[in-house]
Amino acid sequence: MTTTAGSPDWEALRTAARDAMSRAYAPYSGFPVGAAALVDDGRVVAGCNVENASYGLGLCAECGLVSQLQATGGGRLTHFICVDGRGEPLVPCGRCRQLLYEFGGPELVLETPAGLLTLAEMLPQAFGPDHLAK
Ligand SMILES: O=c1ccn([C@H]2C[C@H](O)[C@@H](CO)O2)c(=O)[nH]1
Ligand SMILES: [Zn+2]
């Protein structure tokens with residue numbers, strides 16, 4: 001994916017998130033979610049929520065996304081979007097903000113219903129890898 005002067009192709013990311021959402025497995029909540037992100041090497045990674053008959057074991061879309069990130073070569077997330085079943089932007093849940101922080105840090109840019117926000121704005125005073133450094 002091409003990026004012009006730090007601004008990514010949000011439409012392409014939105015399309016990737018909607019595509020993933022269309023393959024969500026959400027028979028229990030009836031709330032499909034798709035997530036997509038741009039990686040600093042130009043890759044796009046995506047994920048969808050995958051629920052389970054044992055309800056508490058359900059996986060958010062962002063879990064699949066970070067798994068794909070790592071399984072396809074790692075890297076840093078720079079831009080992120082998740083969408084609901086109508087394909088409209090959604091805010092990631094609190095646990096997923098923490099998952100994203102690990103691989104994007106405070107500067108990750110998210111498209112949300114409130115516009116573009118940084119992860120620092122969505123997860124202030126975040127706990128992260130630096131806190132483990134001696
Ligand atoms: O950030 C979020 C928030 C919710 N969901 C999923 C979990 C569950 O399957 C459904 C309803 O909460 O939406 C995600 O995938 N990501
Ligand atoms: Zn979540």
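We number each residue from 1, following the sequence as shown. For ligands, and for the atoms within them, numbers begin at 1 and follow the listed sequence.
- Considering backbone and side-chain atoms together, Cys93 places an N or O closer than 3.5 Å to an N or O of ligand 1.
- Distance check, rounded to the nearest 0.5 Å: CD of Glu88 to CE of Met21 gives 9.5 Å.
- Taking CD of Glu62 as the start and CG of Leu100 as the end, the distance is 6.0 Å to the nearest 0.5 Å.
- Formation of a donor-acceptor pair under 3.5 Å by the Asn49 side chain with backbone atoms of Phe31 is found in this model.
- Under a 3.5 Å cut-off, the side chain of Glu121 and the backbone N or O of Thr118 do form a donor-acceptor pair.
- When only non-hydrogen protein atoms are considered, atom 16 (N) of ligand 1 lies nearest to Glu62 OE1, 2.9 Å.
- Here Cys63 fails the criterion, with no N, O or S atom under 2.8 Å of the Zn ion (ligand 2).
- Atom numbering of ligand 1 starts at 1 in the shown order; those under 4.0 Å from a heavy atom of Pro92 are 1 (O).
- At the shortest separation from atom 6 (C) of ligand 1 among protein heavy atoms lies Asn49 ND2, 3.5 Å.
- Taking a cut-off of under 4.0 Å to the non-hydrogen atoms of Glu51, the atoms of ligand 1 that pass are 8 (C), 9 (O), 10 (C).
- Applying the 4.0 Å criterion to heavy atoms of Ala61 picks out, from ligand 1, the atoms 14 (C), 15 (O).
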- Message: Leu90 vs Val83, test: side-chain contact (heavy atoms from CB on, under 4.5 Å). Steps then yes/no.
- Response: CA-CA 5 Å; Leu90 182 68; Val83 298; 5.7 Å; no

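- Distance remark: protein heavy atom not present below 4.0 angstrom from atom 12 (O) of ligand 1.
- Arg43 contributes a side-chain N or O that, together with a main-chain N or O of Gly74, makes up a donor-acceptor pair within less than 3.5 Å.
- The Zn ion (ligand 2) forms the vertex of an angle spanning SG of Cys60 and SG of Cys93; to the nearest 10 degrees it equals 130°.
- Taking distance alone, with nitrogen or oxygen atoms compared against 3.5 Å, Cys60 stays at or beyond that limit from ligand 1.
- At a 4.0 Å heavy-atom cut-off, ligand 1 touches Ser29 through the side chain alone.
- Defined by atom type and a distance below 3.5 Å, a donor-acceptor pair is present between the side-chain atoms of Glu51 and Ser29.
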- Please walk me through it: do Gln98 and Leu123 pass side-chain contact (heavy atoms from CB on, under 4.5 Å)? CA-CA 8 Å; Gln98 184 71 37; Leu123 188 67; 3.9 Å; yes

